**Q** 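Below are the structure tokens for one structure; questions will follow.
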Amino acid sequence: MATHTNDHYHPPGLQHQFENMKQQEESVSIGMWMFLAQEIMFFGGMFTVYLLYRWKFPMAFAAGSNHLDAFLGGLNTLVLIVSSLTMALTVYYAQKGNRMMQVVMIVLTMIFGTVFLGVKAVEYTEKYNKGLIPFANWNHKTPKGEERKVATSLIETKVSAAENKDAEHTAEHEYKSSTGVFEWKDLSLPQMAEKEGFLTEWEKVGYYSDGKLNEQKFESKVRIFFWIYFCMTGLHGLHMIVGLGLMLWLLWKAWLGSYTAEYYSPVEMAGLYWHFVDIVWIFLFPLLYLLGRHFMHGGH
Amino acid sequence: MQKNWIPLFPEQASTFAWQIDALYFYLILISVFFTVLIVLGIAVFAVVYREKEKFATPEEIHGSMALEIAWSFIPFVISMTIFLGGAVIFYEQYKIPTDGMEIYVVGKQWMWKAQHSTGRREINELHVPVGRKVKLTMTTEDVLHDFYIPAFRTKADVVPGRYSYLWFEPTKAGRYRLYCAEYCGLNHSGMGGWVTVMEQKDFDNWLAGETTNQTPVESGKDLFTNKLGCASCHAGGKDQRGAKLEGLFGEDVKLVGGQTVKADEDYIRSSILNPSGQIVEGYSPIMPTFKGQVTEEQLTHLVAYIKSLGGNAATSPASPMTAPAAPMTSPDAKKDSSKDAKDKGGK
Amino acid sequence: MSDNHEETHEHMGIPKYIGIFLALVFGTILTYFTALTDLDTMLFAGANTLLALIIAFTKMTLVILFFMHVWWNGTLIKLTAVASFFWLAIMFAFVMQDYLTRGFGVFNK
Amino acid sequence: MDATVNNKIGTAVVDRTVEKTRTHYLNNGHSLSSWLLTKDHKRIAILYLITVSAFFLLGGVYAATIRLELLTPASDLLESGTYNKVFTQHGIIMVFFFLIPVVPAILGNFLLPLMIGAKDLALPKINLLSWYFYMTGGGLTLFALIQGGVDTGWTFYTPYSTTFSNGYVMLAGLGIFVNGFSSILTGLNFIVTVHTMRCPGMTWFRLPLFVWAHYATSLVMVLGTPVIAITILLMALERVAHIGIFDPSIGGDPILFQHLFWFYSHPAVYIMILPGMGVISEIIANYSRKKIFGYEFVAFSSLAIAVFGFLVWGHHMFVSGQSMYAGLVFSFLTMVVSVPSAIKMFNWTATMYKGSVSYDTPMLYAIGFMGLFLIGGLTGLFLGAMGLNVHLTDTYFIVAHFHYVMVGGTVLAYLGGLHMWWSKITGKTYSEFWGKISALLVFVGFNLTFFPQFILGYMGMPRRYASYSEELQVLNVFSTAGASVLGIGLVLPLIYLTYSLFFGEKAKSNPSMLPGLEWRTQSPPPTLNFDETPVVTWEAYEFGEENGLDIEKARREATV
Ligand code: HEA
Ligand code: HEA
Ligand code: CUA
Ligand SMILES: [Cu+2]
């Protein structure tokens, strides 16, 4: 092929430091994987924090989990999986050199990515309205008398419908904050765990004061859960936004027809990134939304 | 102070000090051995095989499996002896005895507060009897600190929110330095004092109360600036955390809640023993109680000293942390510190 | 030039992509509903967590192998993927070895 | 020449016949943008050389201030608050902005592609980006220093850093965060380059050991650095928002911070030493004109250090309150990880056996390295032994240990490397006389500065002390005196190297007839490094006939 001749023939997209396309593609793909390895360790720090605190305070985490919207979380997981499929197909059509389908698939990927962020925004808003944002004064100050409206918002109904049980449980706690400060008054989970005797040593130290479960101490642990939730999903959301930026650029290039069956490695690399972000969510979903749910919904 | 049996070597004053020193000398031996080996090797080769002809091509030597194995295996074995030695001593150091005499220690920016089982308290000082196991149960009110007594060859970090333990058995009466070895902010280098090891009967006397030949005002001043650390809040100057004490005696004091009281001896006494009882207007109730920590005798000295501050305006006592012999800190630095803590609000 | 890429796309056709996709969807739904069931009392303590993690790992493996084409990549890329998770495991394991073997010196504040 | 030419293949080829106006990477474009937007790894290395040196001088000024303050026991020159800022900033600048980038980003950047016969690094744009990350991070940190500084110690231990310090912790943290990505990208680039850019015939086991060392370093950079990034991020969040992860007063765990911090920062000390070890392998082999003894062992010991280096971080936490069991594991692994370093030491020594050893400046630095790293490493064993660590931790013994490995090790290796390749980098030769003088001054001054600190440490002088007990003054005076000698020794190269840029003799391409590929192109090299892609047919460090250099001719010329 043209690559070993000396007349400096340049295949489209070949950069000066490389001898041929194969070398370039290999380099770019190893580079991308190294980048992903780096990303894994980056998120890994957060996962270590999660691991430690969940191991220390499972009940606080279960309590926090139960006030995330598992239905929306699950929905978002599906949305991301679909976007991963369309992303994979983008690469597939790029390999086939099909410009039209590439563009379509990129647009679809972007749409699903945006939907994901939209749902996330709905979830964040809900936390804002319910006073579950652990940062002081970043919560909605619910005026007295309006609590009902917030507590029975659309999302709340949907969750209880989806779970189809414990309807009265949802109604029981109205999360609102008239001060804008993160509050947590619900001790039912640790109380149950106390009764059944499966509080861990750390929890006994971490929740108790003068030998009794202490609302404030428990609240501080739930607060940690929400911080971890916001840090992890926030970081993930940031990666989604970067991914969407990449997609936009890809869309432009694909539209111009830059990618052919010979040269499509930018598509492939963007795909790797997108799938990686999907994988992070595949873990975040069960870890944040699901673990500990059975305490509430099983027959304890 | 140091009575050294080897120059430039710290005193050995606890039961496990010699073990650590022994391990130290073992390691020095190893180090000297390898250093001599390698330095000699380099020196000999560098001289014997120095360049004799430009661009020479000396004969090629690829390596030697036998040598490689030898110089991997031997250091490994040696390092394992080091590991084991270190581990055994460490176990000894941190296996807390159950029959030790208990003392509670609290670190706080920037002082060490100790309380004996009789209730007797001291600050930046620790009195212990010779020949008895002493167990310290330690924590901190703010940041990390580290309780370090070089002569005992032991130290431990104190961590907010949990207890750390440390034990030792002093072998020799004397006064030894006490340091804070974990960086803790502004006055980290001033956070130290002395450990006094006494014969048992002296210790018993000490525990029962101490006698001094200072005048009450002097002794009160000593208590105020050094022993009790009052000066960390009442040092004078604009930014102090505690109320102004100069010129206080005999005046009317406005309290939170609107009443006014006259600052007489009783008022000062109860301010020290029960500070939260009467809070001076404009201050937060952060002054800790000194009940149990000061003897009645010391109280009278303190009152005498505060009285002596009477009319004269700015006296700026030296740092509370200044241990007798060590020039540790400047008063200016401390003013910053109190501001610092006020801004951040502690916890 | 095109012979360089043959290996990658000849193996994955649209039906296969859809197949993997369906498996992922199934995993998501499965994990959702098992999380609402109390396996801890039905089976053993921690069963819920274990199952959720197994499902998540399976999903991740599918994505990595097929969507990210690692199945057809060279050993280096495979090694990279495995090694980075291995490193993460080191971090988890060595941090937890401390906490799991601690006495409880925390006081009751 | 046109500034944009440096991307086009062939420029250098055209000009190589006309020796006087030969275009090389330095004169290929003179505009500012031809430097600031360059994708040439050699120019990027120069950018790093200038900026990293500036940071070193700043760090050195802080060091001088520390030593001056410690001349007397009282805190008379500086208040303790100022002193705390000074040593913190000394540590931060020296570690993050000097020692971590120094060898990889300057020598590595310049030499790695040359040594493997490539035109450039695999990802030149990423390479430039990493310099901009470095500058941004450095700028942010400098801004923090100007604003009022940081006083947390370079370790940022919580809860002091999150709750109590009122320095500019956030800004400095942000600087380190951004700078981390510079390091990650450099590492990533090196890994890719070593995998894909080797020229024909350059097999893995023909790579110079410098390349192996950088490969190992890069692994650590890629896998370790992100953890410090996220840790610093969490610390900053803790500071603004009190998230309760590290702050014990709201349920957090300060020891978790230490785990995360050292998960990176211990491997980071190997990021600092491994490239230096690579340099030493080169110097020893080339200045003994001998194949390195036990090539495979030296190569794999770098990888072993990189991998096992990740498993020992807890040795910084023996007295912090981690469990005794964890301490035992970490102590054991600490001993294990020192064995590969031992292997290297012995192999280097053995390499000189039956060699043809010359005492040029680089070799003097290398020999200095061997002695000082040896002492630094061995005292690392003191610290790794748990029982001794209890007495020694957080004393000057630690300070002495890490200066021995970092200054005595890496800085000496870097200086040695800089001298060795100076003619390649600049095309000029420096003064051997002054080179030797400065090497000597550094060695003597260094020992005078830091050896007394071992004794001080064993006597119990805690580190980070603005004022210390009076009985310790004598040794501190020694140390300060030594630091002055050391300072002079380190400033000298700055002067005579700069001097050589303008007045130095023109260097030959391969004055010592060394076999490495970097010596088979002109000094300074053309923009695309080689006129023709080299093909390697000889083993690494081949000084005999097979290496294809005309040694006979060189010998003849030398004797004339
Ligand atoms: C370039 C940086 C560098 C390097 C290479 C090293 C190398 C080593 N370090 Fe060091 N270290 C630091 C930089 C470095 N260190 C820093 C900056 C700190 C302080 C951080 C802070 O708190 O601010 C520190 C602190 C530190 C501590 C913590 C002390 C404490 O805070 O309590 C420990 C404890 O184990 C330690 C051990 C070691 C060991 C065992 C090695 C080994 O890798 C050394 C191996 C080398 C040899 C052993 C020499 C050659 C061997 C032979 C000639 C053969 C003989 C060998 C045997 C018999 C085994 N170091
Ligand atoms: C690469 C890393 C590196 C380097 C090169 C150095 C170099 C030096 N360091 Fe550094 N040091 C650290 C890393 C480093 N250090 C770290 C990580 C800490 C711990 C910080 C902490 O506790 O948080 C530390 C702490 C530290 C301390 C302990 C402070 C304390 O705990 O209280 C001391 C004390 O002597 C010290 C001294 C020196 C000296 C004398 C040099 C000399 O080698 C420097 C010599 C160089 C020069 C002097 C510059 C060149 C000369 C000039 C520019 C002349 C102009 C100068 C003037 C006119 C004044 N260092
Ligand atoms: Cu307390 Cu340092
Ligand atoms: Cu270390």
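Quick note: numbers below take in every heavy atom, side chains included, and nothing from hydrogens, waters or symmetry partners. Only a predicted model underlies this, so the values are computations on that prediction, with no experimental measurement involved. Chain A is the first sequence line, chain B the second, and so forth, proteins listed ahead of strands; every chain is numbered from 1.
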**Q** By a 4.5 Å heavy-atom criterion (distance strictly below it), what part of A:Y207 contacts chain C: side chain, backbone, both, or neither?
**A**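 Nothing of A:Y207, per the 4.5 Å heavy-atom cut-off to chain C.
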
**Q** Do A:W33 and C:V70 come close enough that some side-chain heavy atom pair is under 4.5 Å?
**A**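 The answer is yes; the side chains approach within 4.5 Å.
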
**Q** Hey, which of A:N214, A:V82, A:L36 has the most heavy atom pairs under 4.5 Å with chain C?
**A**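 Of the options given, most contacts go to A:V82.
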
**Q** Answer whether the closest heavy-atom distance between the side chains of C:Y99 and A:K56 falls below 4.5 Å.
**A** yes

**Q** Tell me, out of A:G74, A:P286, A:A88, A:G206, who's got the most heavy-atom pairs with chain C below 4.5 Å.
**A** A:A88

**Q** Checking C:F57 against chain A: side chain, backbone, both or neither under 4.5 Å from a heavy atom?
**A** both

**Q** Calculate, to the nearest 0.5 Å, the distance between atoms CG and CE belonging to C:L88 and A:M41 respectively.
**A**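 The CE atom of A:M41 is 5.5 Å from CG of C:L88, to the nearest 0.5 Å.
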
**Q** Would you say A:T77 and C:K59 make side-chain contact, with heavy atoms under 4.5 Å?
**A** yes

**Q** Got a second to check how far A:L85's CG is from C:I20's CD1, nearest 0.5 Å?
**A**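 Between A:L85 CG and C:I20 CD1, I get 10.5 Å after rounding to 0.5 Å.
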
**Q** Are any of the side-chain heavy atoms of A:S29 and C:I77 separated by less than 4.5 Å?
**A** yes

**Q** Can you confirm whether A:L272 sits close enough to C:H69 that some side-chain heavy atom of one is under 4.5 Å from a side-chain heavy atom of the other?
**A** no

**Q** Measure the CD1-CD1 distance between A:I279 and C:I64 for me, rounded to the nearest 0.5 Å.
**A** 4.0 Å

**Q** Between C:V25 and chain A, which part of the residue has a heavy atom less than 4.5 Å away: side chain, backbone, both or neither?
**A**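 Looking at C:V25, backbone and side chain both touch chain A.
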
**Q** As an exercise, state the distance from CD1 of A:I81 to CZ of C:F21, rounded to the nearest 0.5 Å.
**A** 7.0 Å

**Q** Decide if the gap between the ring center of C:F92 and the ring center of A:F47 is smaller than 6.0 angstrom.
**A** no

**Q** Quick one: does C:L36's side chain get under 4.5 Å of A:L290's, heavy atoms only?
**A**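 Of all side-chain heavy-atom pairs linking A:L290 with C:L36, none is under 4.5 Å.
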
**Q** Could you tell me if the side chain of A:R54 sits less than 4.5 Å from the side chain of C:T49, heavy atoms only?
**A** yes

**Q** Counting heavy-atom pairs under 4.5 Å to chain A, which of C:I29, C:T28, C:L53 comes out on top?
**A**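 The option with the most such pairs is C:T28.
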
**Q** A:H275 vs C:F67 aromatic rings, parallel, tilted or perpendicular, using cut-offs 30° and 60°?
**A** tilted

**Q** Quick one: what part of C:L76 sits under 4.5 Å from any heavy atom of chain A, side chain, backbone, both or neither?
**A** side chain

**Q** Got a second to check how far C:T80's OG1 is from A:I30's CD1, nearest 0.5 Å?
**A** 7.5 Å

**Q** Report yes if some heavy atom in the side chain of A:Y289 is under 4.5 Å from a heavy atom in the side chain of C:Y32; otherwise report no.
**A** no

**Q** I need the A:I282 CD1 to C:T61 OG1 distance, nearest 0.5 Å.
**A** 9.5 Å

**Q** Is it the backbone or the side chain of C:M96 that comes under 4.5 Å from a heavy atom of chain A, or both, or neither?
**A**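 Side chain only.
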
**Q** For C:I55, is it the side chain, the backbone, both, or neither that has a heavy atom closer than 4.5 Å to a heavy atom of chain A?
**A**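 Contact with chain A: none, neither part.
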
